[in-house]
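This structure is a prediction, so every number in the text was calculated from the model and none was measured. The analysis underlying the following values was restricted to heavy atoms, covering all of them including side chains, and did not include hydrogens, waters or symmetry mates. By convention here, the first residue in the shown sequence is residue 1.
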Amino acid sequence: KVSDDAQMRFTSDASKGRWAAAITQRFKFILSKADSPWLYDLENDPDEIRNVYNEVGYEKISGWMRQDLFKAMDQYEFPLIGHDGPIPWDNPACRESSDQMYAWRYRTCEDLGKEQYQRLCDFGMLSRVCPVTCGLCRKDSSGKILLVNKKPRSCRHVQKERNQALCQQNMVRIFCPKVCSSFEDDK
């Protein structure tokens, strides 16, 4: 499927709906339900190693490709837009690695969320690498997250709606930790 605007193509993993991409001759923009947006500059990085989504000089390209991809996902009924969880529209304020940690062999930040490992958040290195899982990130993201209603919303919207159910979803908790913790404080 091709957009008339700058010969943009759209694709996704149609069978599982985990991601969708907009691709031009020079750029590839990817939205995923598992991670923050990615933008590759294929001219300067043909191996797609460096995410330039938040880098200075790429803001307009990211915004333009994100909007066109969103329209295409809706128009062509891409599975990603119909999936039941939130999709990061921007980067969260705090990020943690999904890579295995050298100091804690074969483990990731996600493992720290398991009850038997939570006490390890007291170790400085692990809590610095995994600030969200360890509960140290209390800063809401300034960007938006695509919610189930197919509308990009900010953390302020989640707070205004007082929608605690949204905070039950891991991606919303990562994106809006301050708002979600305020609901817990109200209990």
Side-chain angles (χ1 to χ4, degrees), residues 1-3 5 8-24 27-42 48 50-55 58-99 108-110 113 130-133 137-181 183:
K1 298 167 185 170
V2 180
S3 164
D5 195 58
M8 190 178 299
R9 298 179 316 269
F10 304 102
T11 188
S12 75
D13 71 331
S15 65
K16 302 210 181 193
R18 294 174 297 200
W19 58 267
I23 307 163
T24 66
F27 297 101
K28 182 188 282 187
F29 177 80
I30 303 164
L31 284 176
S32 160
K33 64 183 180 182
D35 199 5
S36 302
W38 285 77
L39 178 68
Y40 294 112
D41 182 338
L42 301 173
E48 301 177 14
R50 195 168 129 236
N51 182 2
V52 296
Y53 178 75
N54 273 340
E55 292 191 18
Y58 290 97
E59 301 91 343
K60 286 183 181 178
I61 294 159
S62 295
W64 160 69
M65 292 186 80
R66 182 178 55 211
Q67 288 302 328
D68 277 8
L69 178 58
F70 180 66
K71 288 176 195 170
M73 286 172 24
D74 193 38
Q75 180 180 352
Y76 300 115
E77 299 178 359
F78 278 27
L80 178 64
I81 204 161
H83 112 285
D84 61 352
I87 302 164
W89 201 243
D90 288 302
N91 285 325
C94 298
R95 295 199 56 158
E96 46 188 37
S97 175
S98 57
D99 296 337
T108 65
C109 291
E110 190 175 323
C130 307
V132 176
T133 302
C137 180
R138 296 289 184 197
K139 181 178 179 185
D140 286 338
S141 303
S142 60
K144 295 186 177 184
I145 189 165
L146 186 65
L147 298 173
V148 182
N149 60 7
K150 299 182 182 179
K151 293 182 180 176
R153 299 291 189 185
S154 67
C155 293
R156 192 175 316 152
H157 173 81
V158 173
Q159 185 174 32
K160 182 179 167 189
E161 293 291 315
R162 300 294 299 161
N163 192 339
Q164 287 180 286
L166 287 173
C167 286
Q168 299 304 312
Q169 299 175 55
N170 189 48
M171 190 56 71
V172 175
R173 279 195 313 273
I174 290 170
F175 210 77
C176 305
K178 185 176 179 182
V179 165
C180 291
S181 70
F183 293 144

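- Taking each heavy atom of Ser12 and Ala20 in turn, the nearest pair found is CB-CA, 4.0 Å.
- Contacts of Lys28 classified as salt bridge (charged side-chain N to carboxylate O under 4.0 Å, His left out), with partners at least two apart in sequence or in another chain: Glu48.
- Using a 4.5 Å heavy-atom threshold, the side chains of Asp13 and Lys16 count as touching.
- With contacts defined as side-chain heavy-atom distances shorter than 4.5 Å, the pair Tyr40/Ile30 qualifies.
- Taken together, the cysteine pair Cys137 and Cys94 places its SG atoms within less than 2.5 Å of each other.
- By the salt bridge (charged side-chain N to carboxylate O under 4.0 Å, His left out) test, Glu59 is found to be paired with no residue, residues two or more places apart in sequence or in another chain being considered.
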Exercise for review: Please lay out, stage by stage, how Asp41 and Tyr58 fare under the test side chain to side chain contact (heavy atoms under 4.5 Å, CB included).
Suggested key: CA-CA 9 Å; Asp41 182 338; Tyr58 290 97; 2.8 Å; yes

| request: Could you go through the disulfide bond (SG atoms under 2.5 Å apart) check for Cys167 and Cys180 one step at a time? | output: CA-CA 6 Å; Cys167 286; Cys180 291; 2.0 Å; yes

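- Between Pro92 and Ser141, the shortest heavy-atom distance links the atoms CA-OG, 2.9 Å.
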TODO: Would you check, one step at a time, whether the test side chain to side chain contact (heavy atoms under 4.5 Å, CB included) holds for Ser32 with Arg18?
DONE: CA-CA 6 Å; Ser32 160; Arg18 294 174 297 200; 5.7 Å; no

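- Closest of all the heavy-atom pairs between Thr133 and Cys109 is CG2-O, 3.4 Å.
- The side-chain heavy atoms of Lys139 and Pro177, taken from C-beta on, include no pair separated by under 4.5 Å.
- Counting heavy atoms from C-beta on, the side chains of Met65 and Met8 come closer than 4.5 Å.
- Not one N or O on the side chain of Arg153 forms a donor-acceptor pair closer than 3.5 Å with the backbone of Val158.
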### Message
Between Phe70 and Trp89, does the ring pair (Phe, Tyr, Trp, His ring centres under 6.0 Å) criterion hold? Intermediate values first, please.
### Response
CA-CA 10 Å; Phe70 180 66; Trp89 201 243; 5.2 Å; yes

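- Every residue two or more places apart in sequence or in another chain that forms a side chain to side chain donor-acceptor pair (under 3.5 Å) with Asn91 is listed here: Ser36, Asn54, Arg95.
- How far CD1 of Ile174 is from CD of Gln169: 11.5 Å, rounded to the nearest 0.5 Å.
- For the pair Phe175 and Asp90, the minimum side-chain heavy-atom distance is below 4.5 Å.
- Every residue was checked against the salt bridge (charged side-chain N to carboxylate O under 4.0 Å, His left out) condition with Arg156, not counting sequence neighbours, and none meets it.
- Classification of Asp140 and Lys178 as a salt-bridged pair fails, no side-chain N sitting under 4.0 Å from a carboxylate O.
- Using a 4.5 Å heavy-atom cutoff, the side chains of Phe29 and Trp64 are not in contact.
- When side chains are defined from C-beta on, Pro37 does not count as touching Ser62, because their heavy atoms never get closer than 4.5 Å.
- Separation of atoms CD (Gln75) and CD (Glu77) is listed at 10.0 Å; rounding is to 0.5 Å.
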Is there a side chain to side chain contact (heavy atoms under 4.5 Å, CB included) between Lys33 and Leu80? Walk through the geometry before answering. CA-CA 7 Å; Lys33 64 183 180 182; Leu80 178 64; 4.0 Å; yes

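- Here Trp38 pairs with Asp35 under the side chain to side chain donor-acceptor pair (under 3.5 Å) rule; sequence neighbours left out.
- Phe27 pairs by the ring-ring contact (aromatic ring centres under 6.0 Å, His included) definition with nothing, not counting sequence neighbours.
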_Run the side chain to side chain contact (heavy atoms under 4.5 Å, CB included) test on Val172 and Ile145 for me, step by step, so that the C-alpha distance in whole Å, both residues' side-chain angles and the decisive distance to 0.1 Å come before the verdict._
CA-CA 8 Å; Val172 175; Ile145 189 165; 4.3 Å; yes

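- Side chains of His157 and Lys144 form no contact here, defined as non-hydrogen atoms less than 4.5 Å apart.
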